Asker: 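Just passing along the structure, written as structure tokens.
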Protein chains: 2
Amino acid sequence: MEQSAEVYGLSRSAGRIYGVLYFSGEPLSIPELVDKTGYAKSTISNVTRTLTRIGLIHRRSSEGGGRRVQYTAEREIWFILQDVFQQYVQREIQTSLRTIQRAQAQLSEDNDTDAERIEELQQTYEDLQEIVTLTSNFTAAELRDALESYDK
Amino acid sequence: MEQSAEVYGLSRSAGRIYGVLYFSGEPLSIPELVDKTGYAKSTISNVTRTLTRIGLIHRRSSEGGGRRVQYTAEREIWFILQDVFQQYVQREIQTSLRTIQRAQAQLSEDNDTDAERIEELQQTYEDLQEIVTLTSNFTAAELRDALESYDK
DNA sequence: TCGTTTGTTCGGAGTGAGCCGAACAAACAA
DNA sequence: TTGTTTGTTCGGCTCACTCCGAACAAACGA
């Protein structure tokens, strides 16, 4: 889990905390996470916030109205990863497309080779954007099926 | 280009160097790259090595047999990025799958809930691996087409 | 009321990555 | 040969990031 987390741009501690929650049968509070992970209280606090924002874990603030906060792990990893990945890549693609358009506008009209290159870039990025958008509607199994059954 | 590079796990300098090469009509040597990018000679040397290893740029050591080395940018970004991404993700998936299998072996047989969770994980990762493998045979346009024409 | 528990915020230590400059090796020009 | 240009390697600097501990705020129990 810790290794996987780094691939997705998260910290080791995030991976570990998620892993403990994933395999824990019951919701856990911050002190319990401190015990089971060995991290400092402040670390748990910060990491749980970002994980909650991302959607990888959920915060159940109830349990009898007490102050104690409980966390549970989201089990449908696939959708979460899709979501994170999508936000991550979509934003990058969009800023890139904007940059490309700005570049096109500033291009002097006699510069053919640069124009052509920018055109290529734009095409690639537009394909990418479409792919990412489409992918977000699929489950892992569907995606697999779509790719396997496609005949060129 | 610099921003995009970071998304793919490369440094700013790598993005910049690739960008300069991408829009340059002719192959460039290290001193020329130093001029156009503003980076130090050593940085150019190091970054060009990794970019060459990845396949994003090519090294033409010839030009009249001189010592001067020339670099050109690979224009088919799609395949290269696929390749890099694939290596990146595949490795992670495989180590994860190995870890999962080791975990399964060590599990006491009476622990049903943990076994079930590990089963889920394994399924997701196997789907992921299959998807990544399949994807590598597609062009951007084909992938787009496959997803658009697939009917659940 | 006062002590205890829980959670957040802030400043700082440790660490790794990116980049630079200097030193060095190799090839060319004179 | 000697000086110049090109390319690589090495040590160090800086910056960002992760995590920790301390201080603080909020809610509870006595």
Side-chain angles (χ1 to χ4, degrees), chain A residues 1-21 24 26-54 56-72 84 88, chain B residues 1-21 24 26-54 56-72 84 88:
Chain A
M1 287 288 186
E2 297 177 23
Q3 287 184 3
S4 297
E6 293 185 49
V7 173
Y8 303 121
L10 299 173
S11 59
R12 264 177 279 264
S13 55
R16 168 146 208 147
I17 290 172
Y18 178 80
V20 168
L21 283 173
S24 163
E26 48 194 1
L28 297 179
S29 65
I30 290 192
E32 289 166 334
L33 283 173
V34 169
D35 280 350
K36 299 207 176 190
T37 64
Y39 284 108
K41 203 174 42 161
S42 55
T43 303
I44 305 284
S45 175
N46 287 320
V47 172
T48 48
R49 187 171 57 232
T50 75
L51 285 179
T52 303
R53 182 167 46 78
I54 291 177
L56 266 174
I57 66 176
H58 300 290
R59 180 185 174 124
R60 303 254 164 92
S61 52
S62 54
E63 177 72 20
R67 176 151 167 65
R68 205 163 191 156
V69 176
Q70 311 264 34
Y71 291 98
T72 57
V84 172
Y88 194 53
Chain B
M1 286 289 186
E2 298 177 23
Q3 288 184 1
S4 297
E6 292 185 51
V7 173
Y8 302 121
L10 299 173
S11 59
R12 265 177 281 263
S13 54
R16 169 148 207 146
I17 291 173
Y18 178 80
V20 167
L21 284 173
S24 163
E26 48 194 1
L28 298 179
S29 65
I30 289 190
E32 289 166 334
L33 283 173
V34 169
D35 280 350
K36 299 207 176 189
T37 64
Y39 284 107
K41 203 172 42 160
S42 55
T43 304
I44 306 285
S45 175
N46 287 321
V47 172
T48 48
R49 186 172 56 232
T50 75
L51 284 179
T52 303
R53 181 168 46 78
I54 291 177
L56 267 175
I57 66 177
H58 299 290
R59 177 183 176 126
R60 305 254 165 92
S61 53
S62 55
E63 178 70 20
R67 175 151 168 65
R68 204 165 191 155
V69 176
Q70 311 265 33
Y71 291 98
T72 58
V84 172
Y88 193 54

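Computed from a predicted model, the values in this text were never measured in an experiment. Chain identifiers are assigned alphabetically (A, B, ...) following the order of the sequence lines, protein sequences preceding nucleic acid strands; residue numbering begins at 1 within each chain.
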Asker: At 4.0 Å (heavy atoms only), tell me whether A:R16 reaches a base, stays on the sugar-phosphate, or touches nothing.
Answerer: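 The answer is nothing, as A:R16 stays clear of every strand by at least 4.0 Å.
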Asker: Side chains of A:V69 and A:T48: closer than 4.5 Å at any heavy-atom pair?
Answerer: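 No, every pair of side-chain atoms sits at 4.5 Å or beyond.
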Asker: Any ion pair linking B:R12 and B:E2 (charged N to carboxylate O, less than 4.0 Å)?
Answerer: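 Here B:E2 does not pair with B:R12 in a salt bridge, since their nearest N and O are not under 4.0 Å apart.
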Asker: As an exercise, state the distance from CD of B:E32 to CG of B:D35, rounded to the nearest 0.5 Å.
Answerer: 8.0 Å
Asker: Quick check: do B:Y18 and B:V47 have side-chain heavy atoms less than 4.5 Å from each other?
Answerer: no
Asker: Tell me: CD of A:E32 to P of C:dG7, nearest whole Å?
Answerer: 9 Å
Asker: Report yes or no: does B:T37 contribute a side-chain atom to a donor-acceptor pair with the main-chain N or O of B:L33 at less than 3.5 Å?
Answerer: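 Yes, the answer is positive, given that a donor and an acceptor are paired below the 3.5 Å cut-off.
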Asker: Represent DNA chain D in dot-bracket notation, 5' to 3'. Only Watson-Crick or G-U wobble pairs with both distances under 3.5 Å count; pseudoknot-style crossings use [ ] and interstrand partners use |.
Answerer: ||||||||||||||||||||||||||||||
Asker: Hey, could you give me the CD1/CG distance between A:I17 and A:L28, rounded to the nearest 0.5 Å?
Answerer: 11.0 Å
Asker: In whole angstrom, what separates B:L33's CG from D:dG7's C1'?
Answerer: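 Rounding to the nearest Å, CG of B:L33 and C1' of D:dG7 are 13 Å apart.
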Asker: Just by distance, no angles: are the side chains of B:R68 and B:S29 close enough, under 3.5 Å, to form a donor-acceptor pair?
Answerer: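 Side-chain D/A pair, B:R68 to B:S29: present.
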Asker: Could you state the CZ-P distance from B:R68 to D:dG7, rounded to the nearest angstrom?
Answerer: 7 Å
Asker: By nearest heavy atom, map A:Y71 and A:R12 onto DNA chain C; which one lands nearer the 5' end?
Answerer: A:Y71
Asker: What are the two closest heavy atoms between B:S45 and B:I30, and how far apart are they?
Answerer: CA-CD1, 4.3 Å
Asker: Quick one: do A:L51 and A:L21 satisfy side-chain contact (heavy atoms from CB on, under 4.5 Å)? Show the steps, please.
Answerer: CA-CA 11 Å; A:L51 285 179; A:L21 283 173; 6.0 Å; no
Asker: When the distance from CG of B:L10 to C1' of C:dC19 is rounded to whole Å, what number comes out?
Answerer: 16 Å
Asker: Between residues 35-52 of chain B and DNA chain C, which residues have a heavy-atom gap below 4.0 Å?
Answerer: B:G38, B:Y39, B:A40, B:S42, B:T43
Asker: In terms of side-chain heavy atoms of A:I30, which of D:dG7, C:dT8, D:dC19 is nearest?
Answerer: C:dT8
Asker: Over how many whole Å does the gap from B:I17 atom CD1 to C:dC19 atom P extend?
Answerer: 8 Å
